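Report on the following structure.
Since the structure is predicted, the reported quantities are computational estimates derived from the model, not experimental observations. Lettering follows sequence order; numbering is per chain, from 1.
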2 protein chains.
Amino acid sequence: MPTRGGDTRARILTASAELFARQGYHGTGLSELLEAVGLGKGGLYHHITSKEQLLLEIMLGPIDRVLASSDRILAGDADATTKLRALGTDLGGAMAADLAAWTVFLREYSALGQTGKTQVLQRRQDYLDRWRRVLTDGAAVGEFRELDLAFVESVLGLFIYTFVWDRDSSPPEALTDSIMGVLMHGVCAPTRRRGGAKRA
Amino acid sequence: MPTRGGDTRARILTASAELFARQGYHGTGLSELLEAVGLGKGGLYHHITSKEQLLLEIMLGPIDRVLASSDRILAGDADATTKLRALGTDLGGAMAADLAAWTVFLREYSALGQTGKTQVLQRRQDYLDRWRRVLTDGAAVGEFRELDLAFVESVLGLFIYTFVWDRDSSPPEALTDSIMGVLMHGVCAPTRRRGGAKRA
DNA sequence: GCTACCCGACCGACCGGTCGGTCGGTAGGG
DNA sequence: CCCTACCGACCGACCGGTCGGTCGGGTAGC
């Protein structure tokens with residue numbers, strides 16, 4: 001069965017994402033890629049232009065998807081709390097659905113060339129700006145505390161590390177809930193002003 | 001000035017940590033290492049046994065340090081809130097002091113051989129167990145909420161990603177405060193039961 | 001004080017192997 | 001007859017690692 005349509009390319013993308021996630025970009029040789037995809041060198045290079053271009057494609061996929069859905073979320077007229085929860089649910093779902101590519105996205109930034117870095121960095125900033133916007137909007141109307149938003153830099157890391165290291169023991173929804181629970185309310189017991197002193 | 005004592009080895013450690021952090025382990029060749037350290041191949045291999053062993057050493061350094069200080073923190077008789085804050089401050093300080101090695105620790109797990117993986121994994125679990133213990137102890141006495149602790153898997157990622165991506169714009173103490181603020185209290189405005197409904 | 005020797009630090013040519021990538025070719029459906 | 005999909009021999013560069021050797025300070029013998 002020759003000519004199976006354009007799905008050879010998709011097979012290349014998913015197989016290489018998995019390999020890159022497991023062994024790293026530089027740690028994965030063409031030969032392993034070839035075996036996983038079931039092609040010879042010539043066949044592979046018929047579909048891709050270079051290994052690095054392949055990496056870039058793997059990394060842009062997931063971020064572009066959440067970027068698109070975050071726009072949809074921000075466009076709605078829900079309150080900030082609801083939007084924040086939606087961002088989290090969406091991000092958790094996206095990671096669960098495409099864990100390998102996300103792992104690559106988070107680990108292999110430094111393996112990109114200069115133009116690739118610029119593109120990924122731009123997407124990253126755009127996406128985190130969505131989170132920042134919801135957070136500052138929510139703070140403006142009193143839904144959220146006034147926050148130093150430095151921690152937003154790690155939202156992606158926060159999610160992906162939980163997913164990567166805990167993947168087998170909990171369903172993705174539980175992981176997302178765990179993360180969002182802390183993000184929304186922290187670990188401290190609510191209200192109950194303990195002692196009051198303690199300062200600092 | 002020949003024979004400068006054992007500091008050549010230290011120079012190798014810090015230089016390679018920086019290189020591995022910037023370009024990845026597999027992305028860094030011996031030749032770059034050589035140039036950074038200012039040695040020839042023979043000289044380098046006089047001090048190390050293999051590149052992979054060097055990687056392992058870089059990765060065990062930081063985790064062993066916070067592991068040791070976390071023991072000191074847990075041994076005290078402060079309340080859970082204070083201990084948690086101490087863990088965060090200690091971790092943030094350790095990362096700020098040794099950012100390169102921490103970056104390697106978080107990114108290059110997959111470049112390790114089997115025995116290296118086992119050692120690092122063990123340390124990682126030990127350390128996160130300290131956090132879990134403080135969290136569950138605090139929950140038992142009512143200082144903290146009852147929590148699904150899945151998110152603890154990402155405490156290391158949470159910190160390091162903030163530090164790596166935000167390193168130049170804020171001092172380390174501010175980053176730690178930002179992270180610990182969210183970790184302790186979340187983003188939601190305190191007390192004030194807004195609407196009450198909203199369920200979810 | 002001088003010589004003889006030793007040893008640790010370091011050098012760089014060299015090893016086999018693997019890297020990412022190219023290219024001339026071909027099978028087969030339109 | 002051409003075009004898409006694919007093959008695998010082959011390329012030079014570079015990989016991590018080894019090895020025979022150099023060099024200079026420390027020290028023991030006299």
Can you tabulate the close N/O pairs, meaning under 3.5 Å, that link protein atoms to atoms of nucleotides 11-15 of chain C?
{"residue": "dC11(C)", "atom": "OP2", "partner": "G40(B)", "partner atom": "N", "Å": "2.2"}
{"residue": "dG12(C)", "atom": "O6", "partner": "G42(B)", "partner atom": "N", "Å": "2.7"}

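- Contact check on K83(A) versus D137(A) returns no salt bridge, with no Lys/Arg side-chain nitrogen under 4.0 Å from an Asp/Glu carboxylate oxygen.
- In this structure S69(B) satisfies the side chain to side chain donor-acceptor pair (under 3.5 Å) test together with D90(B), sequence neighbours excluded.
- Each salt bridge (charged side-chain N to carboxylate O under 4.0 Å, His left out) pair with one or both residues in residues 15-34 of chain A, not counting sequence neighbours, would appear here, but there are none.
- Candidate nucleotides dG16(D), dG20(C), dC10(C) were compared by shortest atom distance to the side chain of H47(B), and dC10(C) ranks first.
- The shortest distance between the side-chain N/O atoms of H46(A) and the OP1/OP2 oxygens of dA5(D) is below 4.0 Å.
- Looking at D166(A) and V152(B), their side chains never come closer than 4.5 Å, going by heavy atoms from C-beta outward.
- Shown here are the side chain to side chain donor-acceptor pair (under 3.5 Å) partners of D177(B), two or more places apart in sequence or in another chain: there are none.
- Taking F151(A) as the reference, nothing meets the ring-ring contact (aromatic ring centres under 6.0 Å, His included) condition, with sequence neighbours excluded.
- For residues 144-162 of chain B, the set of pairs meeting the side-chain hydrogen bond (donor to acceptor under 3.5 Å, both in side chains) definition, not counting sequence neighbours, comprises S154(A)-T162(B), T162(A)-S154(B), R124(B)-E153(B).
- Residues satisfying the side chain to side chain donor-acceptor pair (under 3.5 Å) test with S110(A), not counting sequence neighbours, are none.
- In this structure, the side chain to side chain donor-acceptor pair (under 3.5 Å) partners of W131(A), at least two apart in sequence or on a different chain, are Y127(A).
- Atom C1' of nucleotide dA5(D) and atom CZ of R11(A) are separated by 12 Å, given to the nearest angstrom.
- Applying the salt bridge (Lys or Arg N to Asp or Glu O under 4.0 Å) test to D129(A) and every residue at least two apart in sequence or in another chain returns R132(A).
- Computed from coordinates, the Q53(B) CD to dT18(D) P distance equals 13 Å when rounded to whole Å.
- Near DNA chain D, meaning a heavy atom under 4.0 Å away, there are no residues from residues 106-116 of chain B.
- The distance from atom CG of L33(A) to atom C1' of dC19(C) is 13 Å, rounded to the nearest whole Å.
- Sorted by first and then second residue, the salt bridge (charged side-chain N to carboxylate O under 4.0 Å, His left out) pairs with a member in residues 42-61 of chain A read R9(A)-E57(A); sequence neighbours excluded.
- Proximity of residues 20-31 of chain B to DNA chain D (heavy atom under 4.0 angstrom from any strand atom) is restricted to T28(B), G29(B), L30(B), S31(B).
- Note: CG (L19(B)) to P (dG16(D)) measures 11 Å, nearest angstrom.
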